[in-house]
Amino acid sequence: MLDIKFIRENKELIQEGARKKHINFDVEKLIETDDKRLKLLKAVEDMRAEQNRTSLMIGNNLEPAQRTQLLNEMKILKEDMKNQEDELKSVMHEWQLSMLQVPNIPDISVPEGESDEQNMEVRVVGEKPVFSFTPKSHLELMEMHDLADFERGSKVSGFRGYFLKNDGARLEMALWNYFMDSLVQKGYRAMIVPSLVNRETLFGTGYLPQGEEDLYKTQDGDYLAGTGEVATMAYYSGEVLEKEKLPLKFASFSPCFRREAGAHGKDVKGLYRVHEFFKLEQVVLCEASHEESVKYHEEVTKNVEDLLTELGLPYHVVINCGGDLGLGQVKKYDIEVWVPSQEKYRETHSASYFHDFQTRRLNIRYKDTEGKMRYVHSLNNTAVATPRILISILENNQQADGTIKIPAPLVKYMGKEYIGK
RNA sequence: GGAGACGUGGCUGAGUGGUCGAAAGCGCCUCACUGCUAACGAGGUAGGGUGUAAAAGCCCUCGAGGGUUCGAAUCCCUCCGUCUCCGCCA
């Protein structure tokens, strides 16, 4: 959500932003609706003022005749007012729907492009492993060491269902612990957050109304969130924060659920694309300045890069092009880790900032030094998403004898150096 | 699941039909006082919208949404949430 005044004053910017994001949106139409809204609002407010004045007069002692006359006048006024209010209500409805469609403006550094094909590589880090043998896929490795069971996964859970077993399960937990410990050391607050969330929360974070298709919904009208970002962001919704406490940094763990409605036929085998997974997410709320947003955007990105490097995983960072940005996102980096069996980098992390797009919807504010209420800025990045990242860990660390070398930082969590020895 | 109570500003808490966006206290800000700090004293202090050069003014908001009324924090209905007791279950 953007400020309507800002939209009116910067309609070219908005229109240009929508074009860059390849989002179909007509600013002029919104402004027309807003004109109607303002005109009706003025009319209704004037009538209400009239009504308030007259009511005060009636409250005083009056001649019975005068009183009767005023009561009659009120009856007429109320009828007029009802009509105008009804009209205002319907215009407001249209206005709100339109306001929910307004895309946030992408940063100048965001490249042009329609889809992830046009994302721009900004750096490549780590050495891709060189194998003296044909490397196995994570599926083969997991079967070999009894780390997962996909057949029983779909028997029990359906398409894309899986069980993790033995060191597969333990490796996943080791990752959670390693990433959580590291982030807590960097000053992030450890949280375990709800996945079951209400509608408003998803509107607030920008996952609704556009993302309905990809969300599981309960018979009570609640939803299963696709990321811990949702509950973490809503944690302070409707609140006024103390400026001194900013930035607030969270490391939020939660189960995540995605219907993958638009991804039929994609990555149908293995752990890459599943309906149910776990994620540790970084969320930051900071002061309302672009510089602060950028600073923490770089920070949450670096946090992950440092840890991937510690784990010895080769990765690259791409800057997402306009067409690959969500409605509320200003800029996004994806971090993609090397998958030897596919000879590709695959997305494991996604870092984006929103300025006040989310906090305006969620109504999260603070008082600045001038005493003015401001919406905080919000941003987030994956810390670690499992089981997806297991793919790269298993494949990159496989040995000629079929064993898997556990990355050094995880050894203490696993209590061993190799899987399969 | 059943019964009852409650939901007011940054916080505590008064307010059951009229000039109440709201007493009082706490907190916070300004001034005065003091060698400095604290206490005491004086004043100020909700948010949003509209409007404007800026203001003033006007409108809305007492959990949310409806309704009754000339007029609602106050009465009625629905929903959400919190608390207490009972039941059920860990």
Side-chain angles (χ1 to χ4, degrees), chain A residues 1-9 30-100 102 193-194 196-204 208 217-223 230-231 234-246 248 285 287-288 356-376:
Chain A
M1 186 85 75
L2 299 179
D3 181 8
I4 182 65
K5 282 188 175 168
F6 176 85
I7 296 170
R8 293 187 72 108
E9 285 161 17
L30 170 61
I31 289 176
E32 267 174 46
T33 308
D34 193 49
D35 288 339
K36 275 195 256 175
R37 173 189 144 254
L38 288 176
K39 198 170 149 229
L40 282 165
L41 192 62
K42 175 90 173 75
V44 167
E45 285 189 356
D46 286 349
M47 287 190 208
R48 283 183 187 154
E50 167 82 27
Q51 184 188 38
N52 288 341
R53 277 194 299 272
T54 311
S55 292
L56 281 181
M57 287 165 67
I58 295 171
N60 293 326
N61 287 331
L62 288 178
E63 300 283 322
Q66 201 182 356
R67 188 186 154 85
T68 308
Q69 194 203 330
L70 289 179
L71 287 179
N72 282 335
E73 281 175 22
M74 279 300 92
K75 227 166 233 161
I76 297 164
L77 179 73
K78 276 185 80 172
E79 212 155 291
D80 283 353
M81 197 159 73
K82 178 95 171 54
N83 290 334
Q84 297 281 300
E85 277 175 341
D86 285 350
E87 204 174 325
L88 178 61
K89 210 183 253 179
S90 98
V91 169
M92 279 306 289
H93 183 70
E94 188 188 332
W95 185 83
Q96 271 156 353
L97 285 180
S98 186
M99 284 296 280
L100 285 174
V102 183
V193 306
L196 189 62
V197 296
N198 59 31
R199 227 176 136 68
E200 294 79 71
T201 300
L202 287 157
F203 268 100
L208 282 177
K217 191 175 180 178
T218 74
Q219 66 267 47
D220 298 320
D222 293 322
Y223 293 82
V230 175
Y235 183 74
Y236 284 118
S237 63
E239 299 191 27
V240 178
L241 307 179
E242 288 174 50
K243 182 175 178 290
E244 294 69 35
K245 298 233 169 104
L246 299 176
L248 290 160
L285 299 177
E287 280 180 47
D356 62 5
F357 187 92
Q358 294 183 311
T359 56
R360 190 176 286 278
R361 289 186 178 193
L362 289 165
N363 194 24
I364 305 174
R365 297 174 298 170
Y366 70 98
K367 240 182 201 148
D368 70 11
T369 29
E370 277 91 55
K372 197 172 173 294
M373 288 288 194
R374 307 282 306 266
Y375 292 101
V376 303

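The shown structure was predicted, so the numbers you read here are calculated from the model rather than taken from an experiment. Naming convention: chains lettered A, B, ... in sequence-line order (proteins, then strands); numbering from 1 in each chain.
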Practice prompt. Quick one: look up who B:rC20 pairs with, Watson-Crick or G-U, both distances under 3.5 Å, and put none if it's unpaired.
Written response: none

Worksheet item: Counting any heavy atom closer than 4.0 Å, what does A:Lys5 reach on the DNA or RNA strands: base, sugar-phosphate only, or nothing?
Response: sugar-phosphate

Worksheet item: Base, sugar-phosphate, or nothing for A:Arg37, non-hydrogen atoms under 4.0 angstrom?
Response: sugar-phosphate

Worksheet item: Hey, are the side chains of A:Glu94 and A:Lys36 touching, using non-hydrogen atoms and a 4.5 Å cut-off?
Response: yes

Discussion item. Please pick, from B:rC70, B:rG51, B:rC58, the nucleotide with the shortest atom-to-atom distance to any side-chain atom of A:Arg67.
Written reply: B:rC70

Worksheet item: Do the side-chain N or O atoms of A:Asn363 get closer than 4.0 angstrom to the phosphate oxygens (OP1, OP2) of B:rG48?
Response: no

Discussion item. With a 3.5 Å limit on both atom pairs, tell me what B:rA64 is paired to, counting Watson-Crick and G-U wobble, or say none.
Written reply: B:rU78

Practice prompt. Could you give the distance separating B:rU84 and B:rU74 at their C1' atoms, to the nearest angstrom?
Written response: 25 Å

Worksheet item: Between B:rU50 atom P and A:Asp35 atom CG, what is the distance in whole Å?
Response: 13 Å

Worksheet item: When the distance from CE of A:Met47 to P of B:rC70 is rounded to whole Å, what number comes out?
Response: 18 Å

Worksheet entry | B:rC26 pairs with, by Watson-Crick or G-U criteria that keep both distances under 3.5 Å | B:rG10

Practice prompt. Taking the side chain as every heavy atom from C-beta outward, state whether A:Phe357 and A:Leu2 have any pair of such atoms under 4.5 Å apart.
Written response: yes

Response to the item:
Rounded to whole Å, the CD-P distance (A:Glu85 to B:rG66) equals 10 Å

Fill in: P gap between B:rA46 and B:rG21, integer Å
14 Å

Worksheet entry | Sugar-phosphate, base or nothing in reach of A:Asp46, heavy atoms under 4.0 Å | nothing

Worksheet item: Distance check: side-chain N/O of A:Asn52 vs OP1/OP2 of B:rG71, anything under 4.0 Å?
Response: no

Discussion item. For a 4.5 angstrom cut-off between non-hydrogen side-chain atoms, does A:Leu88 reach A:Met92?
Written reply: yes

Worksheet, complete the sentence: A:Arg365 CZ to B:rG9 P, in whole Å, measures 13 Å

Item to complete: Taking atom P in both B:rU61 and B:rA73, compute the distance separating them and give it to the nearest angstrom.
Response: 7 Å

Worksheet item: Mind checking the P distance from B:rG44 to B:rC26? Whole angstroms is fine.
Response: 15 Å

Response to the item:
By the Watson-Crick or G-U definition, both distances under 3.5 Å, B:rC83 is matched with B:rG4

Discussion item. A side-chain contact here means heavy atoms from C-beta on lying under 4.5 Å apart; do A:Leu202 and A:Val230 qualify?
Written reply: yes

Item to complete: Return the value, rounded to whole Å, for the distance between atom CD of A:Gln84 and atom P of B:rC59.
Response: 17 Å

Practice prompt. Determine the interatomic distance between P on B:rA14 and the same-named atom on B:rC75; round to the nearest Å.
Written response: 16 Å

Item to complete: Could you check A:Thr33 against A:Ser98 for side-chain contact (heavy atoms from CB on, under 4.5 Å), going step by step and ending with a plain yes or no?
Response: CA-CA 9 Å; A:Thr33 308; A:Ser98 186; 5.6 Å; no

Discussion item. What is the distance, to the nearest angstrom, from the CZ atom on A:Arg8 to the C1' atom on B:rG51?
Written reply: 13 Å

Fill in: Among B:rG18, B:rC59, B:rG49, the nucleotide that comes nearest once only the side chain of A:Leu41 is considered
B:rG49

Worksheet entry | Nearest listed nucleotide, side chain of A:Gln51, among B:rU19, B:rG71, B:rG49 | B:rG71

Discussion item. From the set B:rG18, B:rU19, B:rG51, return the single nucleotide nearest to any side-chain atom of A:Leu56.
Written reply: B:rU19

Response to the item:
note: A:Ile364, atom CD1; B:rG48, atom P; distance rounded to Å ~ 15 Å

Item to complete: Rounded off to whole Å, could you give me the NZ-to-P distance for the A:Lys75 and B:rU69 pair?
Response: 9 Å

Worksheet item: Do A:Met1 and A:Leu100 have side chains that get closer than 4.5 Å, going by heavy atoms?
Response: yes

Worksheet item: Counting side-chain heavy atoms from CB outward, which of B:rU50, B:rC59, B:rC70 is closest to A:Lys78?
Response: B:rC70

Worksheet item: With respect to the side chain of A:Leu38, which nucleotide from B:rC59, B:rG18, B:rU50 is positioned closest?
Response: B:rU50

Discussion item. Using the C1' atom as the point on both nucleotides, what is the distance between B:rU16 and B:rU68, in whole Å?
Written reply: 16 Å

Discussion item. Under a 3.5 Å cutoff, is there a donor and acceptor pairing between the side chains of A:Tyr223 and A:Arg199?
Written reply: yes

Worksheet entry | Upstream residue (5' side of RNA chain B) when A:Met74 and A:Tyr375 are each assigned their closest nucleotide | A:Tyr375

Worksheet item: For atom P, what is the distance between B:rA32 and B:rA42, given to the nearest Å?
Response: 16 Å

Response to the item:
Any strand, both distances under 3.5 Å, Watson-Crick or G-U wobble: B:rG41 pairs with B:rC31

Worksheet item: Using purine N1 to pyrimidine N3 plus N6-O4 or O6-N4 for Watson-Crick, or N1-O2 and O6-N3 for G-U wobble, both under 3.5 Å, which nucleotide pairs with B:rC88?
Response: none

Fill in: Comparing A:Thr54 and A:Val44 on RNA chain B - which has the more 5′ nearest nucleotide
A:Val44

Worksheet item: Whom does B:rA72 pair with, Watson-Crick or G-U wobble, provided both distances fall under 3.5 Å?
Response: none

Discussion item. By the 4.0 Å heavy-atom rule, please label A:Leu71 as base, sugar-phosphate, or nothing.
Written reply: base

Practice prompt. For B:rA64 and B:rC11, measure between their C1' atoms and round to the nearest Å.
Written response: 23 Å

Worksheet item: So what does A:Leu77 hit on the nucleic acid, given a heavy-atom distance under 4.0 Å: a base, only sugar-phosphate, or nothing?
Response: nothing

Discussion item. Could you tell me if the side chain of A:Thr359 sits less than 4.5 Å from the side chain of A:Arg365, heavy atoms only?
Written reply: no

Practice prompt. When you get a sec, tell me which of B:rU19, B:rU50, B:rC59 is the closest nucleotide to the side chain of A:Arg48?
Written response: B:rC59

